[in-house]
Amino acid sequence: MGENKITSSQTCVIEPPKTFFWAPLSKPAPAASGKTGTWRTERPVIIQEKCVKCLLCWLYCPEDAIIRKEDNSVEVDYEYCKGCGICAAVCPVDAIKMVPEEWGGKQ
Amino acid sequence: MTILTLTGNYAVAYAVKLARVKVVSAYPITPQTTIVEKLAEMIERGEMDAKMIRVESEHSALATVYGAASAGARAFTATASHGLLYMHEMVWWVAGARMPLVMAVVSRAIGPPWNIHVDHQDIFDQRDSGWIISMAQENQEAFDLTLQAFRISEDPRVYLPMMVGLEAFILSHTVAPVDVPDQKEVDEWLPPRRQPYVISPETNFVMGNIVPDEDYMMMRLSIQKAMEAAKEVIKEVDRSYGKKFGREYGGLVECKKCEDADYIIIIAGSWSGEAKMAIEDLREEGYRVGVARIRFIRPWPEEEISELASKVKGIIVFDRAVSFGSKGPLFLDVATTVNGRTSLRGVIAGLGGTEVRKEHIIEVTKEFINKVEEEGRVFEPEYWLLPDPYRGKPLEEVAPRWW
Amino acid sequence: MVIIHKLPNRRYGMPGNASCPGCPESMGLRYLKMALGDKAVLVIPAGCSSVIQGIGPKSGINFPILNIAFAAAGAAASGMKAAFEVQGKDYIVVVWAGDGGTADIGFQALSGAAERNEDIIYICVDNEAYMNTGIQRSGLTPYGAWTTTTWTGKKEHKKNMPFILIAHDVPYVATASVGYPHDFIEKLRKAAKIKGFKYIHLHAPDPVGWRFDSSLTVKVAQLAVQTGMWPLFEYERGSFKLSPFSKKYKDPSKRVPVIEYLKIQGRFKHLLNKPEEIKKIEEYIERTWWWIDLLERSTNPAKTARELLNK
């Protein structure tokens with residue numbers, strides 16, 4: 001049976017359109033909803049002396065807003081951090097404090 | 001080249017095979033079923049090198065071939081009637097994504113009540129969706145249009161999906177000789193699949209997330225521009241197909257005896273055959289009538305119809321569908337193009353497979369012509385040619401009395 | 001075993017996306033990237049993840065994506081996979097669907113794809129209501145939960161999707177939780193190696209719709225497992241196995257009382273002082289574990305019925 005026997009591999013040709021063409025295409029990129037740091041009402045502040053480099057904040061941060069450095073210490077990307085507080089909640093040594101923003105997302 | 005005796009459905013299946021389609025998916029619905037049955041047979045016999053995905057609904061059938069096309073494979077599906085309505089959401093999705101794709105639509109009545117016979121309502125229901133929509137008159141043309149559809153749809157000036165319309169039973173299940181070219185000839189004529197983009201880790205494209213409203217509107221304009229460009233592509237493909245395989249149909253409209261005509265019948269689909277016979281008889285009686293058969297309802301052949309409108313005394317349009325609360329859909333397009341330049345009659349006939357013979361066409365056409373000749377300008381947008389058993393009877397007498 | 005420190009230091013998610021603060025879906029998508037890397041293509045039906053992508057021409061999810069109509073994800077993914085196979089490309093096609101796109105409007109296409117044993121991974125990211133449209137009840141909303149279409153609490157229990165998928169006799173079915181990323185990543189990696197249909201049901205507590213503070217997503221997710229509300233398990237080729245994090249909760253005395261899970265969510269507020277309502281939820285938990293017990297005892301032929309038939 002020839003059912004699942006695919007003999008020739010036929011790849012299509014991607015050819016640029018020749019008339020005015022605007023398809024709904026995007027590419028993954030930061031800031032698809034802008035600088036989401038402005039959404040924040042509280043900001044996480046990392047107390048570096050307490051940090052044990054367990055990376056749990058980096059693992060759980062939904063936003064990719066915890067920047068992991070080469071020595072596994074961490075920093076917050078305040079441009080994008082939405083201030084959800086998950087990093088502070090999962091930190092096993094209380095090394096992240098949530099402090100109120102003076103105004104939404106001031107950096 | 002071989003002459004085979006094929007039903008319309010088998011003719012479509014042969015064209016799909018020759019187009020080297022790689023992914024086929026469909027859900028059975030009468031009268032489309034034998035297209036996919038034939039394709040399944042070809043694939044299982046090893047005669048066709050493709051994947052067949054036997055899905056659980058029409059919505060999924062179009063979604064499946066759309067997924068395959070987005071990932072770079074030439075793909076095909078077929079449906080009819082309720083199947084087409086069920087996949088209507090996906091119909092819009094494919095066009096909005098600008099994904100080249102081909103679908104055969106075996107046009108059939110819509111229920112209730114159940115009715116599996118010929119009617120154009122299902123295919124006309126798709127006319128606003130951004131698909132190129134063609135209508136075949138006979139099995140050979142269904143074959144030819146299917147092959148051409150891949151080339152039109154995948155043309156970089158177009159990049160829109162295309163429907164090949166053929167009619168329930170009259171074409172789908174009726175055998176006729178079909179000239180089937182060799183694979184080599186088709187390969188020489190039909191280039192490998194071209195498409196504007198592929199969704200894959202290589203390209204990293206995302207299709208369809210939210211965009212600003214203003215961008216959305218520009219995307220809609222771009223579909224319209226592609227439709228406009230498709231007119232030239234359709235004519236070009238028709239000519240080049242004619243050169244290669246010896247059959248050229250005249251582009252978006254096939255005209256028969258329009259040159260010297262005083263009156264024109266505008267019609268689409270298989271019953272154009274009856275119209276063509278009717279004008280022979282009419283001409284013998286001294287009525288100079290021509291037939292303009294609409295091969296493409298989208299893009300609408302504006303220029304062709306406009307040219308006819310400016311030189312004839314009247315146009316009679318035959319619709320096998322109704323836009324309830326308005327007129328026949330084909331008539332609406334014709335009337336917009338004609339813009340009051342000539343007399344018009346919109347005939348609604350043949351719904352749900354109701355027989356329309358040559359004699360019927362002669363009768364209403366003659367009546368229209370006589371009226372125009374007597375009264376001058378006539379505008380009759382809605383003329384129901386009722387079925388023989390009910391014609392001429394008061395409506396209140398014909399319906400069953402349940403109450 | 002997944003060791004956090006061994007995960008390459010790179011961008012997994014996509015900052016600046018449109019998800020709400022504390023979003024479990026954004027978390028899940030990062031784990032998906034950690035597990036499958038750059039070989040995966042997502043098919044996303046309508047839902048929160050359609051919106052999380054943000055505004056084109058950018059996208060806030062770090063994958064190539066085919067967005068698709070609500071009811072069509074299982075089908076579109078089947079077609080994509082077929083096309084990749086035809087072209088000799090071994091990309092992983094993943095459906096990332098919400099509870100509506102999986103258990104309700106998307107169920108038909110999912111069931112069809114499962115029955116055909118399509119070689120795809122179908123992930124239900126389950127936030128237990130139609131969150132994207134504003135917290136309406138779904139087939140996966142649990143008993144008693146407030147939603148904007150069940151103001152006095154839902155009167156029916158959650159549809160048990162993983163068991164329904166097991167009944168489809170597919171090679172791999174698993175449950176996971178955003179509270180246990182190691183477990184989820186491991187299951188994804190395993191799924192990627194199995195040929196045929198893989199279903200992973202990812203429990204995704206949603207701060208907005210479940211009415212809890214955005215910092216508690218992980219805690220709520222873990223409580224769901226610890227109370228026995230959301231058991232983590234795997235069903236692989238006919239063999240059923242509780243996952244390490246859920247093993248001990250087979251013993252009801254080891255479970256955290258369900259009230260602990262209910263009381264930190266505003267959506268259950270109205271039934272906290274109604275013991276008869278809480279009893280119904282406890283009975284649901286018992287029933288779920290009864291099924292698990294049955295599956296544990298009666299399976300392990302090491303082959304699916306599909307494979308036995310093909311013999």
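Keep in mind that this is a model prediction, so the values were computed, not measured. Computed from heavy atoms alone, side chains included, the values below leave out hydrogens, waters and symmetry copies. Chain identifiers are assigned alphabetically (A, B, ...) following the order of the sequence lines, protein sequences preceding nucleic acid strands; residue numbering begins at 1 within each chain.
Between C:Q108 and B:H59, the closest side-chain pair of non-hydrogen atoms is not below 4.5 Å.
For a residue to count as touching a neighbouring chain, one of its non-hydrogen atoms must lie under 4.5 Å from one of that chain's; by this rule C:A40 touches chain B with the backbone only. Heavy atoms of C:V51 lying under 4.5 Å from chain B belong to its backbone as well as its side chain. Residue B:V23 touches chain C through its side chain alone, counting heavy-atom pairs closer than 4.5 Å. Within the 4.5 angstrom heavy-atom criterion, no atom of B:S25 approaches chain C.
Smallest separation of non-hydrogen atoms from B:S200 and C:P64: O-CB, 3.7 Å. The minimum heavy-atom distance linking C:A75 with B:A63 is given by the pair CB-CB, 3.8 Å. Of all heavy-atom pairs between C:A82 and B:I53, the closest is CB-CD1, 3.6 Å.
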### Message
Go through it in stages, so that I can follow the logic: the residues are C:I68 and B:M90, the test is side chain to side chain contact (heavy atoms under 4.5 Å, CB included), and I'd like the CA-CA distance, side-chain angles, deciding distance and then a yes or no.
### Response
CA-CA 9 Å; C:I68 193 79; B:M90 283 307 307; 3.7 Å; yes
### Query
Can you check side chain to side chain contact (heavy atoms under 4.5 Å, CB included) on B:E56 and C:E115, steps first, answer last?
CA-CA 10 Å; B:E56 79 301 324; C:E115 180 264 335; over 6 Å; no
### Message
Let's go through B:I199 and C:V41 carefully: what are the C-alpha distance in whole Å and the side-chain angles of both, what is the deciding distance for side chain to side chain contact (heavy atoms under 4.5 Å, CB included) to 0.1 Å, and is it a yes or a no?
### Response
CA-CA 8 Å; B:I199 305 289; C:V41 185; 3.8 Å; yes
### Task
Quick one: do C:N67 and B:V206 satisfy side chain to side chain contact (heavy atoms under 4.5 Å, CB included)? Show the steps, please.
CA-CA 8 Å; C:N67 282 290; B:V206 170; 3.9 Å; yes
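Interatomic distance, OH of C:Y91 versus CD of B:E202, reported as 3.0 Å (0.5 Å rounding). Distance check: C:L66 CG to B:Y66 OH gives 4.0 Å after rounding to the nearest 0.5 Å. For the atom pair C:K81 NZ and B:T64 OG1, the distance stands at 15.0 Å (nearest 0.5 Å). Residue C:S78 holds its OG atom at 13.0 Å from CZ of B:R54, rounded to the nearest 0.5 Å.
Annotation for C:F197: atom CZ counts as buried by contact number, over 12 foreign heavy atoms lying within 6.0 Å. The environment of C:K190 atom NZ is dense: over 12 non-hydrogen atoms of other residues, nucleotides or ligands sit within 6.0 angstrom. Open room surrounds CD on B:Q224; 12 or fewer heavy atoms of other groups in view lie less than 6.0 Å from it.
Chosen from B:L62, B:T203, B:N204, the residue pairing most often with chain C at heavy-atom distances under 4.5 Å is B:N204. Per-residue heavy-atom pair counts under 4.5 Å with chain B were compared for C:S59, C:G112, C:P57, C:A69, and the maximum is reached by C:A69. Between chain C and the residues B:A68, B:G208, B:P201, B:P212, the largest count of heavy-atom pairs under 4.5 Å involves B:P201.
Listed for the B:N209 side chain is no donor-acceptor partner under 3.5 Å among the backbone atoms of C:S49.
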